[in-house]
Structures are given as C-alpha cells and as structure tokens.
Participant: 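Take this structure, written in structure tokens, and hold onto it; I'll ask about it next.
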Amino acid sequence: TPNSQLPTPNSQLPTPNHYCFIMASLESAPPKHVLVYGAGGQLGKEVVRAFREGGWTVGAVSGRSIPEASYTIELQRQPEHDLTFALGVLRERPALGAVVCVA
C-alpha cells in the first residue's frame with residue numbers, strides 16, 4: 001500500500017501537545033521525499049530522524065540549520081522573503097511525497 005513507506009510510530013517519540021499533519025498521495029506510491037515543517041524542535045528532530053532511517057530524502061523547514069536533514073530551508077521570519085526562498089528551493093528538488101507539520 002502507498003502508506004507502507006511511511007515510518008511506523010516510534011514509542012520513543014515525545015507526545016505532541018499540538019497538531020501533527022501528514023499528507024500523502026493515496027493514488028500511487030509517493031516519492032520518498034518529505035518536507036518537515038518545524039524540524040528544529042524536539043519532535044521535529046525525531047520526525048526527521050525517523051524518515052531518514054526509513055530511506056527518505058528529508059527537507060527541513062526551521063529557523064536554523066538541521067544537520068540531520070538532507071537540506072534545510074532556513075526561515076528569516078520575513079514572510080515575503082521566506083515564501084520566495086522556500087519556493088525556489090523546492091523547485092530544485094524532486095516532487096514531495098509527504099509534508100509533515102510539527103510546528
């Protein structure tokens with residue numbers, strides 16, 4: 001099944017006090033490329049690690065560099081700049097198979 005490529009829940013992951021969304025295509029197997037928004041926090045770092053261990057290419061969106069990720073989109077807290085910058089980075093990458101928000 002398409003979702004069989006997603007990492008399985010890990011008992012070591014902290015319980016989030018906020019929403020976590022995973023979106024993936026159900027029509028065909030998604031590419032193994034995920035974007036993790038909020039990758040700089042404790043939960044985000046664990047999500048990055050789990051996907052990397054699952055063989056995924058992991059893009060991190062954070063206010064700082066995330067060395068565990070395949071690449072990082074560092075936000076400057078300037079919405080217009082950040083959006084333009086993020087879109088530019090994503091255009092250079094393969095299609096996303098999933099987006100995870102843990103912010």
Side-chain angles (χ1 to χ4, degrees):
T1 63
N3 289 333
S4 65
Q5 293 181 5
L6 294 175
T8 57
N10 181 334
S11 61
Q12 296 176 356
L13 291 177
T15 304
N17 292 325
H18 50 274
Y19 294 104
C20 177
F21 300 98
I22 297 179
M23 299 174 287
S25 169
L26 299 177
E27 308 216 353
S28 62
K32 292 184 82 171
H33 179 204
V34 61
L35 187 66
V36 180
Y37 185 84
Q42 183 179 358
L43 178 60
K45 288 178 184 176
E46 292 298 320
V47 170
V48 168
R49 184 190 54 75
F51 273 100
R52 286 297 301 264
E53 288 178 359
W56 287 64
T57 298
V58 180
V61 179
S62 179
R64 61 181 177 272
S65 179
I66 307 299
E68 302 82 9
S70 306
Y71 63 93
T72 302
I73 297 173
E74 287 190 56
L75 302 180
Q76 304 296 316
R77 299 189 186 259
Q78 299 171 2
E80 189 172 312
H81 169 270
D82 289 345
L83 179 59
T84 303
F85 178 68
L87 290 174
V89 170
L90 291 173
R91 283 189 187 111
E92 301 294 320
R93 305 287 175 173
L96 291 169
V99 176
V100 179
C101 178
V102 292

Participant: Given V100 and F51, is the side chain to side chain contact (heavy atoms under 4.5 Å, CB included) satisfied, shown in steps?
Facilitator: CA-CA 11 Å; V100 179; F51 273 100; 3.8 Å; yes
Participant: Keeping to residues at least two apart or across chains, list the side-chain hydrogen bond (donor to acceptor under 3.5 Å, both in side chains) pairs with something in residues 74-96.
Facilitator: none
Participant: What are the two closest non-hydrogen atoms of A60 and A69, and how far apart are they?
Facilitator: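 Nearest pair, atom of A60 first, then A69: CB-CB, 3.7 Å.
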Participant: Roughly how far, to the nearest 0.5 Å, is the CD1 atom of I73 from the OH atom of Y71?
Facilitator: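 With rounding to 0.5 Å, OH (Y71) is 5.5 Å from CD1 (I73).
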Participant: Could you pull out all donor-acceptor pairs under 3.5 Å where a side-chain atom in residues 34-41 meets a protein atom, sequence neighbours excluded?
Facilitator:
none

Participant: I need the minimum non-hydrogen distance between A98 and W56, along with the two atoms involved.
Facilitator: CB-CZ3, 4.2 Å
Participant: Could you list the residues that satisfy side chain to side chain contact (heavy atoms under 4.5 Å, CB included) with S70, not counting sequence neighbours?
Facilitator: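 Counting only residues at least two positions away or on another chain, S70 forms a side chain to side chain contact (heavy atoms under 4.5 Å, CB included) with R52, T57, V58.
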Participant: Side-chain contact, heavy-atom cut-off 4.5 Å: T72 with V61?
Facilitator: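 A side-chain contact is absent here, since even the closest heavy-atom pair is not under 4.5 Å.
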Participant: Is there a donor-acceptor pair closer than 3.5 Å between any side-chain N or O of H33 and the backbone N or O of P94?
Facilitator: yes
Participant: L90 and I66: same hydrophobic cluster, using ILVMFWY side-chain contacts below 4.5 Å?
Facilitator: no
Participant: Hey, could you give me the CD/CD distance between E53 and E46, rounded to the nearest 0.5 Å?
Facilitator: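 These two atoms lie 8.5 Å from each other.
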